[in-house]
Protein chains: 2
Amino acid sequence: MALQNPSLDMIFAALADPTRRTILGMLLEDDMAVTDVAAPFEVSLAAISKHLAVLVTAGLIRQERRGRIIWCKLEPEGLRSASVWMQGFGQFEPVDLDDFERFLLAELEAARAESDEQP
Amino acid sequence: MALQNPSLDMIFAALADPTRRTILGMLLEDDMAVTDVAAPFEVSLAAISKHLAVLVTAGLIRQERRGRIIWCKLEPEGLRSASVWMQGFGQFEPVDLDDFERFLLAELEAARAESDEQP
DNA sequence: CCAATATTCAACCCGACAGTTAAGTAATCT
DNA sequence: AGATTACTTAACTGTCGGGTTGAATATTGG
């Protein structure tokens, strides 16, 4: 079916992948080089490079070359439209940041556990 | 890659489709029978039935048979975890419900325009 | 300049997903 | 009971997304 609202489509699709969500969580702490983003994952660098491209297209991160390193930085404004859309449904109480931390940690843990899986 | 957090994956994936978002918007106004949900779209009833199944699995709607009609109703709580996750990034100002209305209307319009496309 | 580092691109595989049509099931109406 | 309404399931098709490997590009360090 034809796209009605490309940006919301792209944003939610980007968020639907656990690897990409984990990456966003990592970038929340600090800007990172592509290689460093890829480090904790078990998949290839090329795969991570593609994930980052998806995040860029969705407007969730920005990439900025400095020297031979390409820095990835979060673009939190990219989530605004999706956030507005979602909150319209639930009227959820103001965010509990601890809940959020729990989510992020859980996903990071899971990612690490997975990459440690084969010893 | 193995799923880390099936529910967030499923929720965002469900939201990534414009047809499904439009359906959620419709259900925000009122509970609806499957056939009525399908009416504004140009795709087959079977296709809509599948979309609804996805929304059920993601916990975003509930279906309840009464007689031969299956009623679909929104399950706004299903969005909570995703909403918490997203807000953690942006700290967006409290939702402007008008923004939300604009989105919903835009998507409904788009859906209708599309189904009127071939005269 | 040459080698090494950092990252993307290209070509390909495979499984998931949206769509279709046709048949199957469930409940109601007369 | 039989026809009709309301959905779902099955089988199939085409497209897309995530993964891989290997070659290409860009930038720096020696």
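Everything numeric in this text was worked out from a predicted model, so none of it was measured. Chain identifiers are assigned alphabetically (A, B, ...) following the order of the sequence lines, protein sequences preceding nucleic acid strands; residue numbering begins at 1 within each chain.
- For Ser44(A), no side-chain nitrogen or oxygen approaches OP1 or OP2 of dG19(D) to under 4.0 Å.
- Atom-to-atom, CE of Met32(B) to P of dA6(D) comes out at 13 Å; the value is rounded to the nearest Å.
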Which letters describe nucleotides 22-30 of chain C, given B = protein heavy atom under 4.0 Å from base, S = only from sugar-phosphate, - = neither?
-----BBS-

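- The stretch residues 50-59 of chain B touches DNA chain C through Lys50(B), His51(B), each having a heavy atom under 4.0 angstrom from the strand.
- Residue Gln63(B) has no polar side-chain atom (N or O) positioned under 4.0 Å from OP1 or OP2 of dC7(D).
- The two residues Met26(A) and Asp36(A) come nearest to each other via the heavy atoms CE-O, 4.2 Å.
- Taking atom CD1 of residue Ile70(B) and atom C1' of nucleotide dT9(D), one finds them 13 Å apart after rounding to whole Å.
- With rounding to the nearest 0.5 Å, the separation of CG in Leu74(A) from CE in Met32(A) is 12.0 Å.
- Rounded to whole Å, atom C1' of dG19(D) lies 13 Å from atom CZ of Arg20(A).
- Between the P atom of dA18(C) and the CZ atom of Phe41(B) lies a distance of 14 Å, rounded to the nearest Å.
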Expected list for residues 63-73 of chain B: side-chain donor-acceptor pairs under 3.5 angstrom, two or more places apart:
unit_1: Glu64(B); atom_1: OE1; unit_2: Arg62(B); atom_2: NH2; d: 3.1
unit_1: Arg65(B); atom_1: NE; unit_2: Gly67(B); atom_2: O; d: 3.1
unit_1: Lys73(B); atom_1: NZ; unit_2: Asp31(B); atom_2: OD2; d: 3.3

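- Heavy atoms only, all atoms of each residue included: Ala82(B) and Phe12(B) are closest at CB-CZ, 3.8 Å.
- Following chains of ILVMFWY side-chain contacts shorter than 4.5 Å, one can reach Leu45(A) starting from Val37(A), so the two form part of one hydrophobic cluster.
- Listed pair Thr35(B) / dA6(D) fails the phosphate criterion, with no side-chain N or O lying under 4.0 Å from OP1 or OP2.
- When the nearest nucleotides of DNA chain D are assigned to Asp36(B) and Leu45(A) by heavy-atom distance, the more 5′-ward of the two goes with Asp36(B).
- Of all heavy-atom pairs between Leu60(A) and Ala14(A), the closest is CD1-CB, 4.0 Å.
- OP1 or OP2 of dT8(C) sits under 4.0 Å from a side-chain N or O of Ser49(A).
- Straight-line distance from the CH2 atom of Trp71(B) to the C1' atom of dC7(D): 14 Å, rounded to whole Å.
- Using a 4.5 Å cut-off on side-chain heavy atoms (C-beta onward), Ile23(B) and Leu55(B) make contact.
- Straight-line distance from the CG atom of Asp17(A) to the C1' atom of dC16(D): 14 Å, rounded to whole Å.
- Across the protein-nucleic acid pair, Leu15(A) atom CG and dG18(D) atom P stand 12 Å apart, rounded to whole Å.
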